[in-house]
Protein chains: 2
Amino acid sequence: MTCMIADGGFANMTAPTLENLPACPVETTLLLIGNKWQVLILRELSLRGTMRFKELQRSIGKISQKVLTSNLRTMEETGLVHREAFAEVPPRVEYSLTDLGQTLRPVLDAMRVWGENYKEQLRGGGLR
Amino acid sequence: MTCMIADGGFANMTAPTLENLPACPVETTLLLIGNKWQVLILRELSLRGTMRFKELQRSIGKISQKVLTSNLRTMEETGLVHREAFAEVPPRVEYSLTDLGQTLRPVLDAMRVWGENYKEQLRGGGLR
DNA sequence: CCGTATCCCCGGCGATACTG
DNA sequence: CAGTATCGCCGGGGATACGG
């Protein structure tokens, strides 16, 4: 019944293989989008399609360049995000979701729906 | 378009009010279940209904008593988890989801479904 | 059994400065 | 603009010991 977690935690993983994959599917998902930045990156890219680095950073709001870069890297490695660099001056790099990344939409949607209802409850005052 | 994050991050929040609630519903959800432990606690309780402390700890696997306690506390404060202590020797404390906590099921389900499909993809070898 | 209190470590994260 | 490097803080989280 127990879903053991692979030692070491969830963040900054490289691409999972069948061997190191947790038995529990929920944990598998946590393995790939287990921190808030990854979720927010996902949200932006799924909303706007293709975005440049700065654009992404500004739209997420309070995220440092370093953290954005590192999260984008790991999401590249896990196959969620596609990165395309253009040899221009000044440089331009565009990020978008891969097909795999797109499949996470239902998860995001569920989160969005819940958040909306929650706020509605709060507004109505009929919570708890 | 931007969904600014309330300063200070997501973890260990007290019960949100309309004022400190983020504009973006996805962030609202992250505010309440933004770390892996909270998700795993949710998974166990939604799966098995009511559980004692030790039971919960064992079924989650690698979680220390301290972390489990603290996460349960914050989930109590945010109204996701119900706690009931019995005046017995030895003590018995039972945890369960509140009605509000139950409403998070669709989010968990979406995560579960995605994790299953992902593993299926890996097995088939047709990923990326 | 359930919980709190300490101690301590490690990693996420921001700030800043510097390259192409 | 995009990215790397370095430094330092702070808090999550483990280990342990103790109390009710």
Side-chain angles (χ1 to χ4, degrees), chain A residues 4-14 27 30-41 44-45 50-77 81-96, chain B residues 4-14 27 30-41 44-45 50-77 81-96:
Chain A
M4 291 294 292
I5 305 171
D7 284 33
F10 290 118
N12 284 28
M13 295 294 299
T14 55
E27 287 182 23
L30 284 176
L31 209 51
L32 297 187
I33 51 166
N35 81 59
K36 70 178 180 190
W37 299 124
Q38 290 167 0
V39 175
L40 293 179
I41 289 170
E44 287 308 315
L45 291 182
T50 295
M51 297 177 78
R52 300 185 56 167
F53 185 88
K54 264 289 172 195
E55 198 185 353
L56 200 43
Q57 185 178 16
R58 270 189 296 261
S59 73
I60 289 181
K62 263 184 81 80
I63 186 172
S64 69
Q65 194 178 35
K66 175 181 151 192
V67 171
L68 180 53
T69 304
S70 92
N71 276 284
L72 283 171
R73 288 285 176 279
T74 80
M75 290 175 80
E76 242 187 296
E77 284 178 6
V81 163
H82 172 69
R83 183 192 125 109
E84 188 163 10
F86 299 86
E88 304 175 357
V89 177
R92 177 167 54 108
V93 181
E94 291 188 343
Y95 292 92
S96 57
Chain B
M4 290 294 292
I5 304 171
D7 284 33
F10 289 119
N12 284 28
M13 294 294 300
T14 56
E27 287 182 23
L30 283 176
L31 209 52
L32 297 188
I33 51 166
N35 80 59
K36 70 177 179 189
W37 299 124
Q38 291 167 358
V39 175
L40 294 179
I41 289 170
E44 288 307 315
L45 291 182
T50 295
M51 297 177 78
R52 300 185 56 167
F53 184 87
K54 264 290 173 192
E55 198 186 351
L56 199 44
Q57 184 177 17
R58 270 190 296 262
S59 74
I60 289 181
K62 263 184 83 78
I63 186 173
S64 69
Q65 195 178 32
K66 173 181 151 191
V67 172
L68 180 53
T69 305
S70 92
N71 276 283
L72 283 171
R73 288 286 176 278
T74 79
M75 291 174 82
E76 241 186 296
E77 285 179 4
V81 163
H82 172 69
R83 181 193 128 109
E84 188 162 9
F86 299 86
E88 302 175 359
V89 178
R92 177 167 55 107
V93 181
E94 293 189 342
Y95 293 93
S96 58

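Residue numbering restarts at 1 for every chain, and letters A, B, ... go by the order of the sequence lines. The model shown is predicted, which means the values in this text are computed figures rather than measured ones.
- Proximity note for V67(B) (side chain, C-beta onward) versus dG14(D), dC13(C), dC2(C): the nearest is dG14(D).
- Annotation for L56(B) and L45(B): closest pair CD1-CD2, 4.1 Å, computed over non-hydrogen atoms.
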Hey, mind stepping through T69(A) and R73(A) against side-chain contact (heavy atoms from CB on, under 4.5 Å) and telling me if it holds? CA-CA 6 Å; T69(A) 304; R73(A) 288 285 176 279; 4.0 Å; yes
Check nucleotides 15-20 of chain C against the protein and report each pair of N or O atoms closer than 3.5 Å, with its distance, or say if there are none.
none

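- Atom CG of N35(B) is separated from atom P of dC13(C) by 12 Å (rounded to the nearest Å).
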Step by step, work out the side-chain contact (heavy atoms from CB on, under 4.5 Å) result for L40(B) and L30(A). CA-CA 9 Å; L40(B) 294 179; L30(A) 284 176; 3.9 Å; yes
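- Residue I60(A) contributes atom CD1, which lies 14 Å from atom C1' of dC13(C) at whole-angstrom precision.
- Atom CD in E88(B) sits roughly 13 Å away from atom P in dC1(C) (whole-Å rounding).
- Between the CG atom of L72(A) and the P atom of dG12(C) there is a distance of 16 Å, rounded to whole Å.
- Taking atom CD1 of residue I63(B) and atom C1' of nucleotide dG12(D), one finds them 12 Å apart after rounding to whole Å.
- Rounding to the nearest 0.5 Å places CG of N35(A) at 7.5 Å from OG1 of T74(A).
- If you check dC2(C), dA2(D), dC13(C) against the side chain of F53(B), the one that comes closest is dC2(C).
- Between K36(A) atom NZ and dG12(D) atom C1' there is a gap of 13 Å when expressed in whole angstrom units.
- Straight-line distance from the CG atom of L68(B) to the P atom of dT4(C): 11 Å, rounded to whole Å.
- For R92(B), no side-chain nitrogen or oxygen approaches OP1 or OP2 of dC2(C) to under 4.0 Å.
- Rounding to the nearest 0.5 Å gives a distance of 12.5 Å between CZ of R52(B) and CD of Q57(B).
- You'll find that the side chain of K54(A) is closest to dC1(D), out of dC1(D), dC2(C), dC13(C).
- Taking atom CH2 on W37(B) and atom C1' on dG13(D), their separation rounds to 8 Å, with Å as the unit.
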Show your reasoning for whether side-chain contact (heavy atoms from CB on, under 4.5 Å) applies to I41(B) and Y95(B). CA-CA 10 Å; I41(B) 289 170; Y95(B) 293 93; over 6 Å; no
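- Here F86(B) lies out of heavy-atom contact (under 4.0 Å) with every strand.
- Nearest heavy atoms, W37(A) versus K62(A): CH2-O, 3.1 Å.
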